[in-house]
Amino acid sequence: MQNLPQPIRLFAPLAALLAAVLVITGCGTSSPDIARGRVLFTSKCGTCHTLAQAGSSGTIGPNLDDAFAAAREAGGFDDATVEGIVKNQIDNPRPSNGNPSASMPAHTAEGIDADDIAAYVGKYAGVPGAAPPEVEGGGGAQVFANNGCGGCHTLAIANSGGTTGPDLDEVLPGQKEAEIEESIVDPEAKIAEGYPSGVMPQTFGETIEPEELKELVKFLSENAGKSKE
Ligand code: HEC
Ligand code: HEC
């Protein structure tokens, strides 16, 4: 990171200025939502990028912890600097020099989505010890949390209240494990009535390890519909 092109260094003052302006104007609606950024990162970026805090292990693009750890440690990069670089990469993906067949695609995220993702990555990429928040309830509960399922789904036992997708406490009781598994790895196979297609990430079949998937399905099958003790 020592030989970064000069313009990247300019991001720090710029981003700091922007942050100051946001504070002064108290413009709450435009401050990024980091929790939302995490959910979006998991579905739009984690297939290609490893990031410890997101629990993602994609290898098509660079490991984002490695990409920013050294510069953070050297003290040159703060959260806002990383955020600015990530935002810029999403908006204008550079063509890959190392492996031209593996450049980052354009339009992986736009608008508020891109802002929330950049703020999320800025907060955690390369931060020593960053890990998905630990939750109670065992392996399956952890997989549910790591993958941001609760951002879109209500599940009482997991303390989640998402409303983008169906309330899992209502719809899962009575379903077989195989049905639940299909809904997770192939969400388009059967669209829940009254909900849009193409919203639930279609990548969990690749990003969740088979062993973890089994734990997740078992956790849902055993706990959906139960209230938290
Ligand atoms: C289809 C795979 C793919 C997806 C999806 C993808 N990327 Fe990338 N990304 C890449 C590749 C490949 C590179 C390396 C490009 C290069 O070397 O210029 C890259 C580079 C980057 C870099 C620069 C890292 C560095 O070392 O300088 C950042 C930051 C980044 N991506 C963030 C994201 C974010 C955030 C998302 C989601 C909105 C995302 N990427 C989605 C493949 C992907
Ligand atoms: C970005 C939002 C989003 C995320 C994240 C998400 N889902 Fe979904 N999910 C939806 C939507 C929308 C539907 C309804 C449309 C459909 O059936 O694909 C759905 C449907 C489902 C269903 C089928 C429900 C039924 O009616 O039978 C299950 C099960 C499910 N999701 C589980 C999960 C699990 C487990 C995760 C995390 C690994 C997850 N979802 C992550 C949005 C999401």
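Ligands are counted one by one from 1 in listed order, and the atoms in each one are counted from 1 as well.
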Does any N, O or S atom of His153, backbone or side chain, fall under 2.8 Å from atom 8 (Fe) of ligand 2? yes
For Pro187 and ligand 2, does the shortest N/O to N/O distance drop below 3.5 Å? yes
One finds that the ligand 1 atoms under 4.0 Å from a non-hydrogen atom of Ile60 are 12 (C)
How does Gln89 reach ligand 1, by side chain, by backbone, by both or by neither, if only non-hydrogen atoms under 4.0 Å count? side chain
Regarding Arg36 and Asp113, does a basic nitrogen lie under 4.0 Å from an acidic carboxylate oxygen? yes
Any idea which atoms of ligand 2 are less than 4.0 Å away from a heavy-atom of Pro196? 15 (C)
Distance to 0.1 Å, residue and atom name: give those for the protein heavy atom nearest to atom 34 (C) of ligand 2. Cys149 SG, 3.5 Å
Quick test: of every protein heavy atom, which one is nearest to atom 3 (C) of ligand 2, and how far off is it to 0.1 Å? Cys152 SG, 2.7 Å
Option among Val86, Leu51, Thr81 that satisfies the side-chain contact (heavy atoms from CB on, under 4.5 Å) test with Phe68: Val86
If we number the atoms of ligand 1 from 1 as shown, the ones under 4.0 Å from a heavy atom of Val86 are 29 (C), 35 (C)
With atoms numbered from 1 as shown, which atoms in ligand 1 lie under 4.0 angstrom from a non-hydrogen atom of Ile117? 35 (C), 38 (C)
Considering non-hydrogen atoms of the protein only, which is the closest contact for atom 41 (C) of ligand 2, and what is the distance? Phe204 CE1, 3.6 Å
Between Arg72 and Asp79, does at least one N-O distance fall below 4.0 Å, as a salt bridge requires? yes
Is ligand 1 under 4.0 Å from a heavy atom in the side chain of Pro105, in the backbone, in both, or in neither? side chain
Min heavy-atom dist Gly151 to ligand 2 below 4.0 Å: no
By atom name, which N, O or S atom of His49 is the nearest to atom 8 (Fe) of ligand 1? NE2
Side chain, backbone, both or neither: which part of Ile85 has a heavy atom under 4.0 Å from ligand 1? neither
Find all atoms of ligand 2 within a distance of less than 4.0 Å from any non-hydrogen atom belonging to Gln175, and give their numbers and elements. 25 (C), 27 (O)
Would one find an N, O or S atom of Ser183, in either backbone or side chain, under 2.8 Å from atom 8 (Fe) of ligand 2? no
Apply the test side chain to side chain contact (heavy atoms under 4.5 Å, CB included) to residues Phe219 and Val143: give CA-CA distance (whole Å), side-chain angles for both, the deciding distance (0.1 Å), then the verdict. CA-CA 9 Å; Phe219 166 73; Val143 179; over 6 Å; no
Lys190 heavy atom under 4.0 Å from ligand 2: yes
For ligand 1, which atoms sit closer than 4.0 Å to a heavy atom of Lys44? 5 (C), 37 (C), 41 (C)
Could you tell me whether Ile180 and ligand 2 have an N or O pair separated by under 3.5 Å? no
Residue portion contacting ligand 1 (non-hydrogen atoms closer than 4.0 Å) for Leu40: neither
Interfacing atoms of ligand 1 (cut-off 4.0 Å, heavy-atom, Ala67): 26 (O)
Under 4.0 Å from one or more heavy atoms of Leu220, ligand 2 contributes atoms 35 (C)
